[in-house]
**Q** 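Next up is a structure, given as structure tokens.
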Amino acid sequence: MEKALVLIVGAGPSGLATAVCLGQLSIPYVIIEREDCTASLWRKHTYDRLKLHLAKEFCEMPHMPYPEDTPTYIPKIQFLRYMDDYVEHFNICPKFNSSVESCLYDDVQKYWVVTTHDQVNGMVSKYAARFLVVASGENSAGNIPSIPGLEDFSGHVIHSSSFRSADSYAAQRVLVVGCGNSGMEIAYDLSSHGANTSIVIRSPLHVMTKELIHMGMKLASWSLPVKFVDFILVVLAYLWFGNLSKYGIVRPNMGPLLLKAKTGRSAVIDVGTVELIKKGDIKVFGPISCIKGNVVEFDDGKESYFDAIVFATGYTSTANNWLKNGEDMMNKEGMPKKDFPNHWKGSNGLYCVGFARRGLSGIARDAKNVANDIKAFLDSMAPF
């Protein structure tokens, strides 16, 4: 059994940030990753036109600023270049293709027993780790809801994690299920490339411009009351977009920043989708009742034929599939039981990074907290 003072599960931004913060404190670690690359969600499961929705100042990784010529809103390819530079600069060397089979805490030996499976050569390895950092992320597996008749749909069905571009959907009737940032951007991409596009909007949402959200985050950082900042944002969004309720887009009662803080639900950053909805180029439907062949029936009785369905219905955590003694930190959905900002620490040297639903800034905060907490513990204890 190989010893590891700190074992980090996941080499996405969360795991990489944790590795760097530990390294800055001269704390040794092992980082394992089930895929064959770092930041696999960004590389393999995001659409081509994606940009970071927040300004770069809110999206920096710990201990390395963006180059001066980086645009305010960073395209996917440029963000991945930054991540590659981050890995190289701090000499992070993940063990790739290593999927975690189980993590069990040994009460007698006082360490975590982590069993991994090498997906290339089939070898099974075991680690004894005093500290375990769950950095596999809140977006570990794509979620497709259960809909009556979906299994009989004869068209093309994908999750948004498999969507790259709209080029192959021209002239097709496509339904996008989900109205978050991914769903709204994919709908825009499809409509702009000649697809007959519809979108399912099931719940209230805030629609903002990136400039409005940037302004709101700036104002909030100056310690202005969040409710006051939200009031400003809602008024300005109404002046910019008008009354969207007649198009099927209803605002939540809670303001955009408070909603994000309380529930993790982000405002939609409009890329032009709203204008296409207003023009009728993108049709809006309510919740789906059932699917019969290629016909989708909706709760309000409407029906429509589709050639393809794209589910932009979010992701789920898979941590509970392999974490066997994390009940005090994780709930049954594999998310922290405690609310932000106290969510990141469990018992027996167990931590999580990247589960605060606060994007890259939340990841950076978690990673620093975890590294500092481990450092404080080590300074008070005998070496492992």
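Along the sequence shown, residues carry numbers from 1.
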**Q** Is any side-chain N of the basic residue among Glu2 and Lys95 closer than 4.0 Å to the acidic one's carboxylate O?
**A** yes
**Q** Please list every donor-acceptor pair under 3.5 Å in which a side-chain atom of residues 145-156 meets a protein atom from a residue at least two apart or in another chain.
**A**
{"unit_1": "Ser154", "atom_1": "OG", "unit_2": "Asn294", "atom_2": "OD1", "d": "2.1"}

**Q** Test Cys103 against Leu132 for side chain to side chain contact (heavy atoms under 4.5 Å, CB included), laying out the working first.
**A** CA-CA 9 Å; Cys103 292; Leu132 177 65; 3.9 Å; yes
**Q** Just by distance, with hydrogens left out, do Asp328 and Ser347 show a side-chain donor and acceptor under 3.5 Å apart?
**A** yes
**Q** Can Arg43 and Asp84 be counted as an ion pair, charged N to O under 4.0 angstrom?
**A** yes
**Q** Any non-hydrogen side-chain atom of Ser98 less than 4.5 Å from a side-chain atom of Gln119?
**A** no
**Q** Quick one: which of His53, Met208, His206 gives a side-chain contact (heavy atoms from CB on, under 4.5 Å) with Ile213?
**A** Met208
**Q** Under 6.0 Å from the ring centre and within 45 degrees of the ring axis: does the NZ or CZ of Arg173 meet both conditions for the six-membered ring of Tyr305?
**A** no
**Q** Side-chain contact, heavy-atom cut-off 4.5 Å: Tyr351 with Asp373?
**A** yes
**Q** Kindly confirm or rule out a cation-pi arrangement of Lys3 over Tyr127, judged by NZ or CZ under 6.0 Å from the six-membered ring centre and within 45° of its axis?
**A** no
**Q** Sort out for me which residue in Asp379, Leu5, Val6 forms a side-chain contact (heavy atoms from CB on, under 4.5 Å) with Ile374.
**A** Val6
**Q** Tell me whether the rings of Phe298 and Phe285 are parallel (<30°), tilted (30 to 60°) or perpendicular (>60°).
**A** parallel
**Q** Give a yes or no on whether Lys302 atom NZ has more than 12 heavy-atom contacts from other residues, nucleotides or ligands under 6.0 Å away.
**A** no
**Q** Under a plain distance cut-off of 3.5 Å, with no hydrogens placed, do His45 and Glu35 share a side-chain donor-acceptor pair?
**A** no
**Q** For Lys324 and Ser102, which I'm curious about, is there any donor-acceptor pair between the side chains at under 3.5 Å?
**A** no
**Q** Going by heavy atoms in the side chains, are Arg34 and Ser140 under 4.5 Å from each other?
**A** yes
**Q** What's the verdict on side chain to side chain contact (heavy atoms under 4.5 Å, CB included) for Val134 and Leu350, showing C-alpha distance, side-chain angles and the deciding distance?
**A** CA-CA 8 Å; Val134 180; Leu350 178 65; 4.0 Å; yes
**Q** Does the plane of the ring in Tyr82 sit parallel, tilted or perpendicular to the ring in Tyr86? Use 30° and 60° as the thresholds.
**A** tilted
**Q** Using 30° and 60° as the class boundaries, would you call the ring planes of Phe79 and Trp42 parallel, tilted or perpendicular?
**A** tilted
**Q** Would you sort out whether Lys278 and Tyr247 count as a side chain to side chain contact (heavy atoms under 4.5 Å, CB included), showing the intermediate values?
**A** CA-CA 7 Å; Lys278 287 180 175 180; Tyr247 301 103; 3.7 Å; yes
**Q** Got a sec, which pairs hit salt bridge (Lys or Arg N to Asp or Glu O under 4.0 Å) with one end in residues 223-248, sequence neighbours left out?
**A** none
